[in-house]
Amino acid sequence: MTVVNWQEIDTLLLDIDGTLLDRNFDNVVWEELLPARYGAASGLQIDEARESLDSHMRDVARTLDYYRTDYWTEYTGVDVLKLHQKVTHLLRFRPGTRGFLDWVRRCNISSVLITNADRDCFSLKDTYCRLSDEVETIVSCHDYGAPKETQAFWVSLNSEHPFDSDRTLFIDDDQTVLTSAEEYGIRHLLTISQPDSKRPAREGLRFPSVDNLMELVPVEAGAQKSTFHE
């Protein structure tokens with residue numbers, strides 16, 4: 001079990017997809033629905049369409065374009081946001097997320113959602129999951145013109161929403177993003193062992209990992225844990 005000394009934490013930074021929400025939703029959209037629709041529109045077999053998309057995604061990886069639904073709509077000719085809307089039934093919180101966020105609010109810990117998703121994609125998820133009700137602040141990397149993988153993002157975030165790097169905990173399922181946060185100087189870093197509920201838990205992770213976020217709630221709060229099962 002990963003233990004956090006909450007006496008050392010003033011600010012909690014949280015990723016969304018694969019951290020708070022089940023990444024299965026995004027994986028279905030980007031790895032199944034989009035290749036199928038793009039292939040049908042382009043006259044390609046689904047495997048060919050998937051390889052074509054994967055190749056271009058590698059070209060734009062770690063840039064804002066990689067995370068822009070309008071960019072991929074223009075590139076593929078497929079309305080990517082509508083694809084998201086088709087599978088909203090897959091939108092769900094990861095184990096322990098809502099209970100953990102409730103506990104964080106009770107403790108008056110400053111909580112900030114930081115996501116690489118663009119505002120349109122986030123708004124869709126917020127409509128169904130009400131993420132904006134769970135935390136104090138929500139930041140999209142598109143607000144700053146730089147994704148979380150870059151130092152420019154962290155500089156802009158700390159400028160607009162000041163935090164002490166030594167007293168900040170950041171949880172994200174992306175190892176590259178966590179490495180960027182580490183380079184910036186954020187001291188407390190955690191990742192997620194099983195971001196997608198339909199795929200096996202990951203092993204050999206560089207950062208300490210957790211599955212059910214309620215594992216992070218101190219033992220002395222254990223009497224309340226039974227009510228926080230979502």
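Values below: all heavy atoms of this structure, side chains included; hydrogens, waters and symmetry mates excluded.
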Could you work out, with ring-ring contact (aromatic ring centres under 6.0 Å, His included) as the rule, every residue matching Phe207, not counting sequence neighbours? none
Residues which pass salt bridge (charged side-chain N to carboxylate O under 4.0 Å, His left out) with Asp211, listed by chain and number, not counting sequence neighbours: Arg94
Transitively linked via ILVMFWY side-chain contacts under 4.5 Å: Val135 with Val210? yes
Excluding sequence neighbours, so at least two apart, what forms side-chain hydrogen bond (donor to acceptor under 3.5 Å, both in side chains) with Ser197? Asp22
Heavy-atom nearest pair, Gly185 first then Ser165, reads O-CB, 3.3 Å
So do the side chains of Trp6 and Cys107 get within less than 4.5 Å of each other, counting heavy atoms only? no
Could you note down all residue pairs passing ring pair (Phe, Tyr, Trp, His ring centres under 6.0 Å) where residues 37-64 supplies at least one of them, sequence neighbours left out? His56-Tyr71, His56-Trp72, His56-Tyr75
For the hydrophobic clusters of this structure (ILVMFWY residues joined by side-chain heavy atoms under 4.5 Å, transitively), does one cluster hold both Leu189 and Ile109? no
Any residue meeting salt bridge (charged side-chain N to carboxylate O under 4.0 Å, His left out) with Arg68, in chain and number order, not counting sequence neighbours: Asp65, Asp70
Salt bridge or not for Asp54 and Arg58, using N-O below 4.0 Å? no
OH of Tyr144 to CG of Leu157: how many Å apart, nearest 0.5 Å? 5.0 Å
Would you name the heavy atoms of Ala49 and Pro35 that are closest together and state the gap between them? CB-O, 3.3 Å
Just by distance, do the side chain of Asp17 and the backbone of Arg23 share a donor-acceptor pair under 3.5 Å? no
Verify, without hydrogens or angle tests, whether Thr127 (side chain) and Ser123 (backbone) share a donor-acceptor contact under 3.5 angstrom. yes
Residue pair Phe170, Arg187: steps toward the side chain to side chain contact (heavy atoms under 4.5 Å, CB included) verdict: CA-CA 9 Å; Phe170 176 41; Arg187 178 182 172 192; over 6 Å; no
With a 4.5 Å limit on heavy-atom distance, are the side chains of Leu81 and Thr73 in contact? no
Ser55 side chain vs Ser52 backbone, donor-acceptor pair below 3.5 Å: no
Nearest 0.5 Å please: distance from the CZ atom of Arg119 over to the SG atom of Cys141. 10.0 Å
Please name all residues satisfying salt bridge (charged side-chain N to carboxylate O under 4.0 Å, His left out) with Glu160, sequence neighbours left out, ordered by chain then number. none
Tell me, do Phe93 and Leu213 make a side-chain contact under 4.5 Å, heavy atoms counted? no
Thr115 side chain to Ala117 main-chain N or O, any donor-acceptor pair under 3.5 Å? yes
Using the salt bridge (Lys or Arg N to Asp or Glu O under 4.0 Å) rule, collect all pairs that involve residues 27-36, keeping only residues at least two apart or in two chains. Glu31-Arg199
After noting the C-alpha distance and the side-chain angles of Arg105 and Leu101, does the key distance pass the side chain to side chain contact (heavy atoms under 4.5 Å, CB included) rule? CA-CA 6 Å; Arg105 288 195 304 274; Leu101 293 175; 4.1 Å; yes
Within 6.0 Å of CD in Glu74, more than 12 heavy atoms from elsewhere: no
Return yes if some donor-acceptor pair links the side-chain N/O of Thr191 with the main-chain N/O of Ser209 below 3.5 Å, else return no. no
Approximate separation, where rounding is to 0.5 Å, of Leu34 CG and His84 NE2: 9.0 Å
By side chain to side chain contact (heavy atoms under 4.5 Å, CB included), Gln45 pairs with (sequence neighbours left out) Glu48
List for me each residue that meets side-chain hydrogen bond (donor to acceptor under 3.5 Å, both in side chains) alongside Ser156, sequence neighbours excluded, and say none if there are none. none
Rounded at 0.5 Å granularity, tell me how far CG in Leu124 sits from CZ in Phe25. 5.5 Å
Using the test ring-ring contact (aromatic ring centres under 6.0 Å, His included), find all partners of Tyr66 that sit at least two apart in sequence or belong to another chain. none
Check whether any side-chain heavy atom of Asp172 sits under 4.5 Å from a side-chain heavy atom of Lys148, and report yes or no. yes
Tell me every residue that passes side-chain hydrogen bond (donor to acceptor under 3.5 Å, both in side chains) with Asp133, counting only those two or more places apart in sequence or in another chain. Arg130
For Pro147 and Phe153, work out which heavy atoms get closest and say how close. O-CB, 3.2 Å
Grouping I, L, V, M, F, W and Y whenever their side-chain heavy atoms are under 4.5 Å apart, do Tyr184 and Leu190 come out in a common cluster? no
CZ (Arg206) and CD (Gln175) are apart, to the nearest 0.5 Å, by 8.0 Å
Can you check whether Ile186 reaches Phe163 side chain to side chain, under 4.5 Å on heavy atoms? yes
If you count heavy atoms of other groups shown closer than 6.0 angstrom to CZ of Arg37, is the number above 12? no
Compare all side-chain heavy atoms of Lys125 with those of Leu21 and state whether any distance is below 4.5 angstrom. yes
Within-4.5 Å side-chain heavy-atom neighbours: Asn27 and Lys198: no
Indicate if Val217 and Leu12 have the same hydrophobic cluster label, given that clusters are the connected sets of ILVMFWY residues with side-chain heavy-atom separations under 4.5 angstrom. yes
Tell me, please, which residues at least two apart from Asp10 pass salt bridge (charged side-chain N to carboxylate O under 4.0 Å, His left out). Arg167
Under the criterion side chain to side chain contact (heavy atoms under 4.5 Å, CB included), I'd like the reasoning laid out for Val28 against Leu33: C-alpha separation, chi angles, the key distance, then a yes or no. CA-CA 6 Å; Val28 167; Leu33 297 183; 4.2 Å; yes
How many angstroms lie between atom CD1 of Ile192 and atom CG of Asp174, to the nearest 0.5 angstrom? 12.0 Å
Thr97 (side chain) donor-acceptor with Leu20 (main chain) under 3.5 angstrom: yes
A side-chain contact here means heavy atoms from C-beta on lying under 4.5 Å apart; do Ser180 and Gln151 qualify? yes
Search all heavy atoms of Cys121 against all heavy atoms of Thr69 and return the closest pair with its distance. CB-CG2, 4.2 Å
Can you hop from Leu216 to Leu178 via hydrophobic side chains spaced under 4.5 Å? no
For His188 and Asp166, indicate whether the former's side chain and the latter's backbone hold a donor-acceptor pair under 3.5 Å. yes
